[in-house]
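This report concerns only the one structure given below.
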Amino acid sequence: MSRLSVIFEKLGIEVDPQLIDLAFTHRSWAYENGRGPTNERLEFLGDSVLGLVVTEHIYHTYPDRTEGQLAKVRAAVVSGATLARKAKELDLGAQVKLGKGEIATKGESKDSILADTMEAVIGAVHLAGGLDASAGLIHELLDSEITHVGELGAALDWKSSLQELMASQGLGTPDYFCEAFGPDHERTYQASLCIQGEQRGQGSASSKRAAEQNAAEVAYGYLMGLTGE
């Protein structure tokens, strides 16, 4: 029994096998097999249901937070990275039907495909059992993530937090400079961050965004140290 089936059994969720099969049908497989239906419509539905359930949950969980703070929490919880990680925990990649090209490039491990599949599964559950069933699945998968993200504070988004801190201190906005090193399949990004012309943070990572986040974290710590907080 798959890990997903175990969760379905635990929550009392019943989904037509054909609908589940559709949720795992990537467009690359469909195009190579008669151009039949893909999981993209279910993904579209699942994305909307996911956003609704998570938004309502954090609205009630964090009554003292502003709209902007709630938006940051929601964005982190429903992000492709979070959904892909949950899909990996459930080993969904092994069940996705992929075309030969995607199989050759290890599509079953790609975050984008895994996140889309997770949304498609949510969509399938919603069609089969309505909001009670889909909300139950989302809470089972993501409530712990919501708790974790809600406790991160500034670390939830270092770039946004740094920009807000700089604005409050009349320092304008930060300037980022990023360089890429290495071949495409092993690319490393080195980011530098300047505040009013002075370098105040550096960071490196396998993506430009992550490198800039790391640099922003360093700069945020620097500014907080100046204020003694």
Side-chain angles (χ1 to χ4, degrees), residues 47 50-51 53-89 109-116 118-119 138 141-229:
D47 175 68
L50 175 64
V53 173
V54 171
T55 298
E56 182 176 5
H57 184 67
I58 62 176
Y59 176 87
H60 292 297
T61 302
Y62 305 112
D64 298 325
R65 300 199 181 183
T66 66
E67 181 269 344
Q69 292 169 330
L70 293 176
K72 286 182 183 180
V73 174
R74 179 179 60 191
V77 172
V78 304
S79 70
T82 297
L83 296 179
R85 185 171 68 253
K86 292 299 176 182
K88 289 174 183 176
E89 291 175 6
S109 300
K110 292 180 180 178
D111 281 2
S112 58
I113 290 177
L114 291 171
D116 290 348
M118 190 76 262
E119 289 180 338
I138 291 167
L141 296 175
L142 295 176
D143 274 5
S144 60
E145 189 72 23
I146 292 172
T147 299
H148 169 67
V149 168
E151 294 172 350
L152 288 177
L156 179 57
D157 185 343
W158 287 115
K159 290 182 68 174
S160 294
S161 297
L162 174 65
Q163 189 160 325
E164 291 167 2
L165 180 61
M166 288 177 60
S168 71
Q169 296 181 7
L171 296 175
T173 58
D175 295 310
Y176 292 89
F177 305 91
C178 198
E179 292 184 275
F181 302 92
D184 289 345
H185 66 284
E186 290 186 40
R187 187 62 54 92
T188 298
Y189 293 86
Q190 180 74 43
S192 298
L193 184 158
C194 291
I195 297 176
Q196 296 187 324
E198 297 290 332
Q199 182 175 295
R200 297 303 183 190
Q202 286 187 305
S204 61
S206 58
S207 72
K208 179 181 177 182
R209 184 181 185 282
E212 290 179 346
Q213 286 282 351
N214 292 340
E217 179 181 359
V218 174
Y220 187 92
Y222 166 76
L223 289 182
M224 292 297 283
L226 289 182
T227 62
E229 296 184 31

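Values reported hereafter were calculated over all heavy atoms of this structure, with side chains retained and with hydrogens, waters and symmetry mates removed.
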Without placing hydrogens or testing angles, list every side-chain donor-acceptor pair under 3.5 Å for residues 56-70, not counting sequence neighbours.
from, atom 1, to, atom 2, distance (Å)
Thr61, OG1, His57, O, 2.6
Tyr62, OH, Ile146, O, 3.1
Arg65, NH1, Gly150, O, 3.2
Arg65, NH2, Gly150, O, 2.7
Thr66, OG1, Gln69, N, 3.2
Thr66, OG1, Gln69, OE1, 3.4
Gln69, OE1, Thr66, N, 2.9

**Message:** For a quick test of reading the model, state the closest non-hydrogen atom pair linking Val149 to Ala76 and the distance between them.
**Reply:** CG1-CB, 3.8 Å
**Prompt:** Roughly how far, to the nearest 0.5 Å, is CG of Asp116 from CG of Leu83?
**Reply:** 9.0 Å
**Aromatic Tyr176 / basic Lys159 pairing, under 6.0 angstrom, 45° off normal** = yes
**Asked** Taking it one step at a time, do Val73 and Val54 satisfy side chain to side chain contact (heavy atoms under 4.5 Å, CB included)?
**Response** CA-CA 9 Å; Val73 174; Val54 171; over 6 Å; no
**Prompt:** Can you name the nearest heavy-atom pair linking Ala219 to Leu193, along with the distance?
**Reply:** CB-CD2, 3.7 Å
**Asked** How far does CE of Met118 sit from CD1 of Ile113, to the nearest 0.5 angstrom?
**Response** 15.0 Å
**Message:** Show the nearest heavy-atom pair for residues Ala191 and Ala215, with the distance to one decimal.
**Reply:** O-CB, 4.0 Å
**Message:** Check this for me: Glu179, atom CD, are more than 12 non-hydrogen atoms of other residues, nucleotides or ligands nearer than 6.0 Å?
**Reply:** no
**Request:** Run the salt-bridge test on Glu164 and Lys72 with the 4.0 Å N-O cut-off and return the result as yes or no.
**Result:** yes
**Message:** Which heavy atom of Glu217 sits nearest to which heavy atom of Trp158, and what is that distance?
**Reply:** CG-CE2, 3.4 Å
**Message:** Tell me whether Lys88 is salt-bridged to Asp111, with the criterion being a basic N under 4.0 Å from an acidic carboxylate O.
**Reply:** yes
**Prompt:** Atom CZ of Arg74 and atom CG of Leu50: how far apart are they, to the nearest 0.5 Å?
**Reply:** 10.0 Å
**Request:** For the pair Ile195 and Leu223, evaluate side chain to side chain contact (heavy atoms under 4.5 Å, CB included) and give the outcome as yes or no after the intermediate values.
**Result:** CA-CA 10 Å; Ile195 297 176; Leu223 289 182; 4.0 Å; yes
**Item:** Non-hydrogen atoms of Glu212 and Cys178 that approach each other most closely
**Value:** OE2-CB, 4.4 Å
**Prompt:** With no hydrogens and no angle check, do the side chains of Ser79 and Thr82 hold a donor and an acceptor under 3.5 Å apart?
**Reply:** yes
**Complete:** Residues Tyr189 and Ala180: closest non-hydrogen pair is CE2-CB, 3.7 Å
**Request:** Report yes or no: does Ser168 contribute a side-chain atom to a donor-acceptor pair with the main-chain N or O of Leu165 at less than 3.5 Å?
**Result:** yes
**Request:** Kindly compute the distance separating CZ (Arg85) from CD (Glu145), expressed to the nearest 0.5 Å.
**Result:** 4.5 Å
**Request:** Tell me yes or no: between the side chains of Gln202 and Asn214, is some donor less than 3.5 Å from an acceptor?
**Result:** no
**Message:** How long is the straight-line distance from CE of Met166 back to CZ of Arg200, given to the nearest 0.5 Å?
**Reply:** 10.5 Å
**For Ser207, all residues meeting side chain to side chain contact (heavy atoms under 4.5 Å, CB included), sequence neighbours excluded** = Arg209, Ala210
**Request:** Would you give the length of the straight line joining atom CG of Leu114 to atom CD of Glu89, rounded to the nearest 0.5 angstrom?
**Result:** 11.5 Å
